Amino acid sequence: MDLLNRYLNAVAARLPEGQREEIAAEIREGLLSRIEDAETRLHRPLTEPEVVALLKTRGHPLVVAASYTQQQYLISPALLPFYWFAMQVVVGTDLLAHFVYGVTALAGGEDLRRVLTTCFSSLWVVTMYLIGTTTFSALVLDRAGVGRWLAGAWSPRFLLKVPARKPTPSVFAVDLIVIITLTLCVSGTLPVPAFLSWPSGMQVRPSHVWSQSGVILVLLAIALLVIHCVERFLPVYRVGVLTAKLIHSAAILLVIAALVRGRPWFVIPDASPASVQTVVQTLNVVIRTGLVVGAAITSIKLAGSGTQLLRVLRARSTTPNFPRPGQAF
Amino acid sequence: MTDELFENLRLELRRGSLILAVLAALRDEHYGHTLRKELANSGLEIDDNALYPMLRRLESQGLLIGTWREEDSRRKHFYRLSSDGTALFARLREEWHSLNTSLERIVGKGRGHGPTQSLSQRRRGSAA
């Protein structure tokens with residue numbers, strides 16, 4: 001009897017309050033009936049190992065109690081893909097940021113061991129913090145009803161006929177890194193170029209062309225993040241996304257053109273030593289190369305978006321059932 | 001893997017029928033243990049962790065009437081069909097008959113090959 005009571009107590013502890021006593025009494029009655037049946041069959045009382053075996057066939061107290069409760073989720077199925085995606089972006093951004101920091105620190109002449117120690121200790125703490133915060137945020141959103149809302153707010157009209165390639169979490173991680181880095185540079189928090197050690201007292205400042213273009217670049221980086229969000233979560237707005245990408249690439253090319261025309265890129269005092277002048281010249285070459293490469297990549301993207309847009313528009317005109325946002329069947 | 005898959009599919013196949021069997025058995029009053037035994041005697045073994053929560057669910061849905069009564073100096077929870085339960089059971093039985101007829105028609109089509117023949121045996125048979 002002691003074993004039976006212990007078993008029932010363990011089950012009852014996990015049962016929903018309000019029904020606890022009644023359910024436990026019913027389970028108790030079922031178990032006593034089974035013991036009684038077995039004893040009648042064997043013509044003797046059950047031994048302790050036999051009672052243990054019988055209770056084990058009834059199931060673990062947690063399993064028994066769980067069969068009386070509704071299935072519970074930490075994060076509901078409708079919110080789970082968004083949570084998982086957010087987690088990948090957040091952790092990806094974290095990893096990328098640490099990688100960029102490590103490379104920058106090494107380029108600035110920091111000791112390898114020190115950089116690795118700093119990176120790994122920081123990476124562990126920050127990653128755990130981000131995972132915890134993301135999970136907690138998803139939990140709060142779910143409890144606030146966002147999961148239920150998402151499960152009801154979808155429409156078949158937003159589903160694509162043919163699955164399209166969507167931006168991966170790494171794309172969003174890069175977007176975030178670019179936005180954070182550009183914002184830090186534009187606000188002056190991250191001096192340009194931060195990793196170079198200048199002679200003491202020497203001031204090399206980025207010219208006004210960076211402050212003018214920097215704000216536009218931050219806005220364009222945010223715009224790209226928004227475009228990627230729409231591309232990922234509302235893929236049916238394909239024409240809008242491709243048009244936005246086309247405009248975005250054109251805007252980037254204009255900013256690059258403005259940067260090329262806006263030289264000099266650095267302001268250095270007249271009395272600068274030759275070594276500083278050499279470094280600035282090298283930087284100019286690096287920036288010029290970067291701008292040329294950037295312009296080439298952006299042009300390819302522009303051409304790609306244009307081609308895709310034409311293809312989608314042609315498919316729309318020839319396919320009567322091509323999905324359109326808000327289209328009724 | 002195949003056994004596990006079979007077991008999962010078998011449970012899935014049985015799950016829907018169990019409610020019908022329980023409702024049918026509860027046209028006469030039973031408590032959990034005797035109900036389980038009656039179903040087992042008819043060839044339908046049901047796990048306690050499935051049966052007891054199901055009884056409570058059906059009771060909360062108004063399909064069963066549950067009463068606590070003393071029998072053999074022990075308090076037992078007896079269940080029987082309510083009037084709603086009886087009406088619903090009649091509809092479910094009709095549905096089951098119709099489903100059974102359709103399934104018999106669909107599944108019975110392949111009967112000529114024999115249920116124990118493997119796919120390769122059937123292929124060899126049709127090739128010959």
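Naming convention: chains lettered A, B, ... in sequence-line order (proteins, then strands); numbering from 1 in each chain. Quick caveat: nothing in here was measured; it's all calculated off a predicted structure. Heavy atoms only: backbone and side chains are in, while hydrogens, waters and symmetry mates are out.
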Residues, nucleotides or ligands: over 12 heavy atoms within 6.0 Å of [X] [atom1]:
| X | atom1 | result |
| --- | --- | --- |
| A:Arg311 | CZ | no |
| A:Trp84 | CH2 | no |
| A:Arg148 | CZ | no |
| B:Glu7 | CD | yes |
| B:Arg10 | CZ | yes |
| B:Gln61 | CD | yes |
| B:Glu70 | CD | yes |
| A:Arg232 | CZ | yes |

Quick one: [atom1] on [X] to [atom2] on [Y], what's the gap to the nearest 0.5 Å?
| X | Y | atom1 | atom2 | result |
| --- | --- | --- | --- | --- |
| A:Glu29 | B:Asp72 | CD | CG | 9.0 Å |
| A:Glu26 | B:Leu55 | CD | CG | 6.5 Å |
| B:Lys37 | A:Asp37 | NZ | CG | 3.5 Å |
| B:Asp48 | A:Leu31 | CG | CG | 7.5 Å |
| A:Ser67 | B:Tyr52 | OG | OH | 11.5 Å |

| field | Pair A:Arg58-B:Asn49, side-chain contact (heavy atoms from CB on, under 4.5 Å): steps then yes or no | value | CA-CA 8 Å; A:Arg58 185 66 174 86; B:Asn49 285 335; 2.5 Å; yes

| message | Could you check whether any side-chain heavy atom of B:His33 comes within less than 4.5 Å of a side-chain heavy atom of A:Glu36, counting everything from C-beta outward? | response | no

| Part of residues 76-87 of chain B lying next to chain A, heavy-atom separation under 4.5 Å | B:Lys76, B:His77, B:Tyr79

| field | Toward chain A, the part of B:Arg75 with a non-hydrogen atom under 4.5 Å | value | backbone

| said: Does any backbone or side-chain atom of A:Ala66 lie under 4.5 Å from a heavy atom of chain B? Answer side chain, backbone, both or neither. | reply: neither

| Where B:Arg74 and A:Ser33 come nearest, the two heavy atoms and their spacing | NH2-OG, 3.3 Å

